[in-house]
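Encoded as structure tokens, the structure appears first; notes follow it.
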Number of protein chains: 2
Amino acid sequence: MEDKLLLLRQHFEEIVSLTDDEWNFIQSHFEFKSLKKHQFLIQVGQPVDFEYWIIKGLVKAYSIDEKGKEHILQFAMEDYWVSDHCAFQHQEPGTIFVDCLEDSEFFCLSLENREKICFEVPAVANFFRIKSNHGYINLQQRILSLLTMTAESRYEYLLNKLPKLIQRVPKKLIASYLGVSRETLSRFNS
Amino acid sequence: MEDKLLLLRQHFEEIVSLTDDEWNFIQSHFEFKSLKKHQFLIQVGQPVDFEYWIIKGLVKAYSIDEKGKEHILQFAMEDYWVSDHCAFQHQEPGTIFVDCLEDSEFFCLSLENREKICFEVPAVANFFRIKSNHGYINLQQRILSLLTMTAESRYEYLLNKLPKLIQRVPKKLIASYLGVSRETLSRFNS
DNA sequence: AGCTAAAAGTGACCTAAATCACTTTTCAAG
DNA sequence: CTTGAAAAGTGATTTAGGTCACTTTTAGCT
């Protein structure tokens, strides 16, 4: 477990510096969790008690529409944060599903603990501020890609941006992430 | 100007509490700017020196594709923040345009000043952290709406969510925001 | 190795929305 | 009040991508 916590510390210290005391205080606010492939981290209608930092593994966050079709909001792997941020923030029942595409391990942070360490250790507030800002920028780019690009060029773009991801994820899920049918995606590329 | 700064202080204090000393320090890091309708706040290729908090007015943030078509990333009005966050964060030339749909006034915050007040006054770090998190959640919902909803239901959704905005903005810009052609939008609703 | 199920590919057909061309309406500026 | 430009509406046509149905390939699992 020490080695895993060290990874998390390194993740924080890529953005902000921490003293050992600060780190000891911070790490005591995380819980460990481990799930097998196909198990759920978050489910629609269930409480969303945590934000999760992924130690290892791969998950998909998605919603299911009236027709039962799955729409992928996010893939998240090692070193990523994932949650149903909306439900988590407002402490409401989950609005999306998050499940494991591979066996995965997480450090879990509750809302109460997050606010506690943010107001106790300013560096943590700055860490999440900067992280959140990066996330915002990424989502803006995804929106622009949905507005401006054809399905095919969104696929090419993703192939360039996250080649590793594509190898770990079935193409039908990539299709769903891109907002395109599996059949159409299969006719691209070549 | 005092009254305008008071509005900004209220905007901060909706999220975090500030002492008068803290506020005086914070406010000294903002600049005032005023633009007429049709003037640019940010242009592609130009430096993006600031993030802007809108005192009054309305702007659109958009990119232009190879065919000269405009794609609207965001509308922003009173009490909103706007910038080319990506270019601003990395201090690179602008990647989008932002221009005024109405005469507008702004408080401008440079990257250097933002980081200064964030690391000097922890409440500010928490303010931006929480704001940024809200922004992230909004963008996630917009992505989900682009993935799961038809153009028509996105329009209805927007009509409900921001009825005020629709009255201030030509429908062809709403169409561009929704990722639909102006002609198609015109055939909805009725 | 053999078997099942999921994933991927492919053809035929369909449809939502884009595009193009033109008309009508609205609005701001002299 | 008039006028020119921008915005909005509308019909005809095209097209990107969806859907359906089926086959082939790949990957887990006893």
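Lettering of chains follows the sequences in order, A, B, ..., and the numbering in each one begins at 1.
Note: OH (B/Tyr155) to P (C/dA17) measures 15 Å, nearest angstrom. One atom, NE2 of A/His38, and another, C1' of C/dA5, lie 11 Å apart when rounded to the nearest Å. In this structure, A/Arg168 places its CZ atom 17 Å from P of C/dA7, rounding to the nearest Å. Atom CZ in A/Arg187 sits about 16 Å away from atom P in D/dC22, given to the nearest Å. When the P atom of D/dT15 is taken as reference, atom NZ of B/Lys67 falls 12 Å away, rounded to whole Å. Straight-line distance from the NZ atom of A/Lys171 to the P atom of D/dT24: 19 Å, rounded to whole Å. D/dA7 atom C1' lies 14 Å from atom CG of B/Leu101, rounded to whole Å. In this structure, the CZ atom of A/Arg182 is 11 Å from the C1' atom of D/dT19, given to the nearest Å.
Residues B/Pro170 and A/Lys69 both approach DNA chain D. Their nearest nucleotides, taken by heavy-atom distance, put B/Pro170 toward the 5′ side. In terms of position on DNA chain C, the residue among B/Val180 and A/Leu173 whose nearest nucleotide sits closer to the 5' end is A/Leu173. Where B/Thr184 and B/Lys172 meet DNA chain D, the nucleotide closest to each residue was compared, and B/Lys172 sits on the side nearer the 5' end. For the pair B/Glu183 and B/Lys37, nearest-nucleotide mapping onto DNA chain C gives the more 5' position to B/Glu183.
When the salt bridge (charged side-chain N to carboxylate O under 4.0 Å, His left out) test is applied to B/Lys4, the partners found at least two apart in sequence or on another chain are B/Glu105.
The environment of A/Glu112 atom CD is sparse: at most 12 non-hydrogen atoms of other residues, nucleotides or ligands sit within 6.0 angstrom.
Because its NZ or CZ atom is not both nearer than 6.0 Å to the ring centre of A/Phe128 and within 45° of the ring axis, A/Lys131 does not count as a cation-pi partner of that residue.
Side-chain atoms of A/Asp79 and A/His11 include a donor-acceptor pair closer than 3.5 Å.
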